[in-house]
Number of protein chains: 2
Amino acid sequence: MPDDRDMLDERSIKVLWAVIHSYINNPDPVGSRYVTRKYAFDFSPATIRNIMADLEDMGFLSQPHTSAGRIPTDKGYRFYVENLMEEMDEKVSSHEELIDSLTRRLEDLREDIYTLLDETTRTLSTHSHYLGIAVSPGPDGSTLRRIELIPYSDDRIAVILFTNEGIIKHKILKNSFAFSRNDLNKIARYLNREFSGYTIKEIRQCLFDEMARDKALCDSLISKALSLCGDVVACYGSNVFISGLSEILELPEFSDVEKVKELSRTIEDKHAVIKLIDSLANEEGVQVIIGAENTIEEMKALSIITSTYKEGDKPAGVVGIIGPTRMDYSSAISLVDVTARFLTKILDEGGRQWRRER
Amino acid sequence: MPDDRDMLDERSIKVLWAVIHSYINNPDPVGSRYVTRKYAFDFSPATIRNIMADLEDMGFLSQPHTSAGRIPTDKGYRFYVENLMEEMDEKVSSHEELIDSLTRRLEDLREDIYTLLDETTRTLSTHSHYLGIAVSPGPDGSTLRRIELIPYSDDRIAVILFTNEGIIKHKILKNSFAFSRNDLNKIARYLNREFSGYTIKEIRQCLFDEMARDKALCDSLISKALSLCGDVVACYGSNVFISGLSEILELPEFSDVEKVKELSRTIEDKHAVIKLIDSLANEEGVQVIIGAENTIEEMKALSIITSTYKEGDKPAGVVGIIGPTRMDYSSAISLVDVTARFLTKILDEGGRQWRRER
DNA sequence: GTTAGCACTCCCCGCCTTAGAGTGCTAATA
DNA sequence: TATTAGCACTCTAAGGCGGGGAGTGCTAAC
């Protein structure tokens, strides 16, 4: 693919930027006259029209109908995000207000990452006026810090799993054997020695190998320990948090109820969302997916900005913003970036001393 | 207030029922001609018109405009729910399908009530096509089964709280003292002896009294135990689960985006919802709130059906359905009823042996 | 007490018109 | 040769108009 940048002269770029900038602020097709006026071009509308026609030929702009102004295409936004945004937009504020409000709201939640992520999406959505989204660390983002076994009733024990990321998972297991408290302590000690410091995914793999290698080899307590542990790590998965529906409904693109239905169906399907987001989980830095670049059919009219937050230097989970393709990319991107860094910092403060050397 | 029932003769009641029945199935104003045809009355439309005019005078029906048919008022629905529903509607199915799907989906979740309630709302909404709602037990609905203290890092301990209702709450406390594992065990034993079997609310009250009575009296370990416990019970609250937005958006009453916005704002405000639902938490059996009977401004166009599920014989939390006033009350009520009973049964199976005699 | 008949009301829908915004093309201009 | 003014053309959004239809309330007859 040739570099689009080369196809465009300075003037075309300015016009493209103007159209996008205008359209982001106000979803009316942008006319040539408006561009000359508002953006103080030294050309007449007629010239701008010619340029716009060229931009349309190249696929950066489109017309809803003949004799309407132009609106950006996904390709147009893409070009904007990659080439124009940083150099042409006046710098957005340093997001002090966001950091403030994150700090204030999340202060007491450091140790409970689910509530923390939930609050994060709320903050993201009120600041961006789009949907805020967060995904908690999955099996390969979570590192086991510690596992505890607690007798719960005559035939049940509670398994509690602490991770470095602040996730605390619990599961009650119906066990047919009656373990003594002493047995449980032994098993827990064994499991902690063996597995703490590894990711859930690694533990899964390890358990799998162990089982496969030789069942007879393990003494019975160890094999029971492994099976307890297996039950819990087996159902370990990511959680999704999404909020800000009432924010995003204020946008004119959602004045059509059909659109709203589509959106609500999409965000109620957590599985699809997890799948989508997980595919971005290992990318460095802020990811931008614009409109039809998206793989989910119902989201082809939306854009997604995400970034991973980390625990140590390992990607843990994802935060982001979902909005219309006509999104304020510039500020959304920096919002997401700042938020991800903030979460990384919080995790860092909690968990450093526990990281296992490898 | 005089009993409305006395004001209406047999014939008026039949007409009222017909209007409501028809309107529930199809939100078009109901005309006199339609009633005679569809509901096989032995009278002419003119007679029905007279009756309808009377019903309107009495406040059971209203007209969107002159020369439109009638639609039920909140008072009309109230009369329907209280007097007509059971005797006149053909019995709804015994909800075997619902029980089936509840059983299937909730089988593995008995011990984790949050996931269980969340899934319950999903099931409720797919079966009713309205919003499913569930509220987890609050401080006076939860009975402490057991408390565990676990060292978490050098300066933090994890407090884990098990309740009879299957709630597992955890909180990481930064403690300035370094407790030994032994100390923690002692403290936990003390707390369990003292508090298990009591509701969180009672424990709160008790802690409060204890503190007030005499601080000096307690030896230092006990006072620390109480303060640990206090930190955790202090932040114990209900959780709300709501789902089915995409279901309810299919209804014609939500073809107006303003209505949708209002709805989404309402259900995002968990606090208001909890407050509303909590006020019903101690009522026996199924509660029905119709339209403007509601105290929340934004919900005056909606009806709410709720019932409490119990742990033993003590009300624990609330499940319900939120829909338009034009709701299929008959089936909604039995759905909610069945669901609440189901949850009660599940809780019963898990927790009986732990109830403290008083 | 019930009903047929009838005039009346009001909404909904399709149709038309108009105003306005914006385009593309062409010919004139610097 | 690049730019621009002028102009005819296109398309939408909004408002006005009129007929059809559904339903009512009233009156007088049964």
Side-chain angles (χ1 to χ4, degrees), chain A residues 8-16 18-23 25-73 76 252-253 255-256, chain B residues 7-16 18-23 25-73 76 252-253 255-257:
Chain A
L8 298 177
D9 55 16
E10 196 63 24
R11 218 174 45 177
S12 307
I13 287 181
K14 271 190 182 153
V15 171
L16 178 56
V19 172
I20 293 177
H21 182 266
S22 160
Y23 193 70
N25 287 301
N26 176 3
D28 294 333
V30 184
S32 54
R33 190 183 172 74
Y34 181 82
V35 169
T36 52
R37 281 254 193 85
K38 191 80 175 190
Y39 293 87
F41 274 80
D42 289 337
F43 304 99
S44 76
T47 311
I48 303 296
R49 277 204 286 285
N50 289 329
I51 299 174
M52 284 167 117
D54 292 345
L55 286 169
E56 184 171 358
D57 285 344
M58 286 186 277
F60 295 110
L61 296 178
S62 70
Q63 272 181 306
H65 54 84
T66 4
S67 90
R70 296 322 203 280
I71 63 178
T73 60
E253 19 271 281
S255 55
D256 176 11
Chain B
M7 302 165 63
L8 298 177
D9 56 14
E10 197 63 22
R11 219 176 44 178
S12 307
I13 286 182
K14 269 190 184 157
V15 172
L16 178 55
V19 172
I20 292 177
H21 182 265
S22 160
Y23 192 70
N25 287 299
N26 177 1
D28 292 333
V30 185
S32 54
R33 189 183 173 73
Y34 182 82
V35 170
T36 53
R37 281 253 193 86
K38 192 82 177 190
Y39 292 89
F41 275 81
D42 288 338
F43 304 98
S44 75
T47 311
I48 304 296
R49 277 204 288 283
N50 289 329
I51 300 174
M52 284 167 117
D54 292 346
L55 287 169
E56 184 171 357
D57 284 344
M58 288 186 276
F60 294 109
L61 296 179
S62 71
Q63 272 182 307
H65 55 84
T66 4
S67 91
R70 299 315 205 284
I71 62 177
T73 59
E253 18 273 281
S255 56
D256 175 10
V257 189

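Sequence lines set the chain letters: A, B, ... in the order given, protein chains first and strands last, and positions in each chain run from 1.
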Scan nucleotides 6-26 of chain C nucleotide by nucleotide, 5' to 3', and note B when protein non-hydrogen atoms come under 4.0 Å of the base, S if they reach only the sugar-phosphate, - if neither. ---BBS----------BBB--

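- Separating the CG atom of Asp42(B) from the P atom of dT2(C) is a distance of 11 Å, rounded to the nearest angstrom.
- Nucleic acid contact class of Asp28(B) (heavy atoms, under 4.0 Å, all strands): none.
- Here OH of Tyr34(B) is found 8.5 Å from CG of Asp28(B). Values are rounded to the nearest 0.5 Å.
- Not one N or O on the side chain of Asn26(B) forms a donor-acceptor pair closer than 3.5 Å with the backbone of Ser22(B).
- Atom CG of Asp42(B) is surrounded by 12 or fewer heavy atoms from other residues, nucleotides or ligands within 6.0 Å.
- Note that OG1 of Thr73(B) is 6.5 Å distant from CG of Leu61(B), once rounded to the nearest 0.5 Å.
- The phosphate of dT2(C) has neither OP1 nor OP2 within less than 4.0 Å of any side-chain N or O from Ser44(B).
- Of the N and O atoms on the side chains of Asp9(A) and Ser12(A), at least one donor lies less than 3.5 Å from an acceptor on the other residue.
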